[in-house]
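Here the structure comes first, spelled out in structure tokens, and everything after it is commentary.
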Amino acid sequence: MDYKAAFRSAVEQIREEGRYRVFADLKRQRGQFPRATWTRQDGSEHEVVVWCSNDYLGQGQNPVVLEAMKAAVDEHGSGSGGTRNISGTNHDHVLLEQELADLHGKEAGLLFTSGYVSNEATLSVVQKILPGLIIFSDELNHASMIAGIRNGGGPRKIFKHNDLAHLEQLLAEAPADAPKLIAFESVYSMDGDIADLAGTVALAKKYGAMTYLDEVHAVGMYGPRGGGVAERDGLMGEIDIIEGTLGKAFGVMGGYITGDAEVIDAIRLMASGFIFTTSLPPALTAGALASVRWLKQHPEVREIHQERAATLKAMFKAAGLPVMDSVSHIVPVLVGDPVHCKMISDMLLADFGVYVQPINYPTVPRGTERLRFTPTPFHTDDMMRKLVAAMEKLWAHCNVARMGGYAA
Ligand code: PMP
């Protein structure tokens with residue numbers, strides 16, 4: 001058996017579909033965000049503006065966060081020293097879990113090494129805790145939620161994206177006495193739309209279901225203290241488990257869940273993705289703690305962030321570019337074809353100093369390939385004007401129909 005040939009042909013298939021990914025080699029320098037230095041394959045270096053960072057608020061450069069991380073290394077060293085069970089629980093883990101519980105108005109929090117792991121580990125274990133549990137999952141839920149639900153191996157029903165009528169139909173069809181859990185996100189990261197939390201909570205109440213909400217693209221950015229869309233909508237108390245990441249708006253790395261103490265305790269004791277892996281190191285927990293605390297106190301950053309996103313959307317619209325109908329800080333522009341999407345992204349980088357990664361299948365459905373811009377409070381009007389001018393030139397050059405996406 002020629003094993004290598006199988007790997008090669010898998011790559012070829014991806015290449016033929018225009019989905020072969022090349023990672024931009026970026027050097028970030030403290031104080032330069034959102035600028036970075038891009039190293040081409042020939043070794044030459046170019047300054048670019050990063051337009052697709054999930055460091056949504058620039059917290060990865062906040063001196064308060066950086067100083068906390070440096071101090072933690074000086075005081076506590078590098079690694080955490082083990083799994084949480086075996087010598088890997090440090091005081092900052094405890095403080096951070098309390099801080100996150102407070103952020104979401106919950107009794108308890110539990111840290112994981114990433115948002116991905118928190119979703120996978122939690123959702124894969126809930127059906128063991130609640131035998132017969134039926135999970136109702138939004139069709140556009142993140143891969144980590146899907147992986148968790150699949151690994152759990154119990155019954156699942158997929159409802160159409162943000163379609164409460166369909167969700168209700170599926171809930172009504174299920175046996176009335178079966179335990180149920182609705183798993184959904186607040187801000188959906190690829191379209192920038194936001195779920196109807198109040199409507200979902202009302203259905204959960206009506207059908208006796210638990211709720212699991214992924215606020216990965218909302219924590220730090222929505223709500224008076226950065227508690228997410230549930231905080232903004234006054235619904236934190238109505239959601240059973242709120243999940244988030246420390247790696248996006250908080251600018252560090254790690255994931256977590258928050259909820260009732262008894263719920264969190266069961267997951268702590270049973271979830272493999274929590275138990276069998278080295279815990280977050282001191283620098284990360286200290287940085288995250290500083291970041292969460294700082295963002296709680298700085299609502300003005302959230303306001304500037306929303307203003308920047310609204311400005312960029314308006315500028316794209318005024319230029320006749322097909323900006324998608326996003327109600328959040330995410331600004332997707334539809335291309336609708338993987339080859340054109342990659343071509344525009346490559347040209348933006350090489351000729352205009354704009355770095356925005358093409359978003360292709362399987363991250364989004366085929367035919368909806370897009371460029372996804374994430375303006376931060378640090379993106380200036382001048383950067384936006386240059387971006388829009390570059391997009392206009394390339395759109396005309398690549399023959400992408402205005403306001404309608406790609407035209408052959
Ligand atoms: N949930 C959603 C909705 C996400 O988009 C992502 C990552 N992009 C994750 C979870 C995983 O979070 P992390 O990057 O912290 O692993």
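First listed ligand is number 1; within each ligand, the first listed atom is number 1.
When heavy-atom distances to ligand 1 are checked against a 4.0 Å cut-off, Asn54 has no atom that comes that close, whether in backbone or side chain. Within the 4.0 Å heavy-atom criterion, neither part of Met145 lies near ligand 1.
Ring centroid separation for the pair Phe184 and Phe159 does not come in under the 6.0 Å cut-off. Checked against the 6.0 Å centroid criterion, the rings of His217 and Tyr222 do not qualify as a close aromatic pair. Two rings, from Tyr188 and His142, have their centers 6.0 Å or more apart.
Heavy-atom proximity to Gly115, at under 4.0 Å, picks out these atoms of ligand 1: 11 (C), 12 (O), 13 (P), 15 (O), 16 (O). If you number the atoms of ligand 1 from 1 as listed, the ones under 4.0 Å from a heavy atom of Ser144 come out as 10 (C). Against a heavy-atom cut-off of under 4.0 Å, Glu185 is close to the following atoms of ligand 1: 3 (C). Heavy-atom contacts of Tyr116 reach the following atoms of ligand 1: 11 (C), 12 (O), 13 (P), 16 (O) (cutoff under 4.0 Å).
Between Lys248 and ligand 1, an N or O atom pair is found at a separation short of 3.5 Å. Annotation: Thr245 places an N or O atom under 3.5 Å from an N or O atom of ligand 1; distance criterion only. In terms of polar-atom proximity, defined here as any N/O pair under 3.5 Å, Asp214 does make such a contact with ligand 1.
The protein heavy atom nearest to atom 6 (C) of ligand 1 is His142 NE2, 3.3 Å. With respect to atom 5 (O) of ligand 1, the closest heavy atom belonging to the protein is His217 NE2, 2.6 Å.
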- Determine, stepwise, if the pair Arg35 / Glu47 fulfils salt bridge (charged side-chain N to carboxylate O under 4.0 Å, His left out). CA-CA 7 Å; Arg35 290 195 164 84; Glu47 188 182 281; 2.9 Å; yes
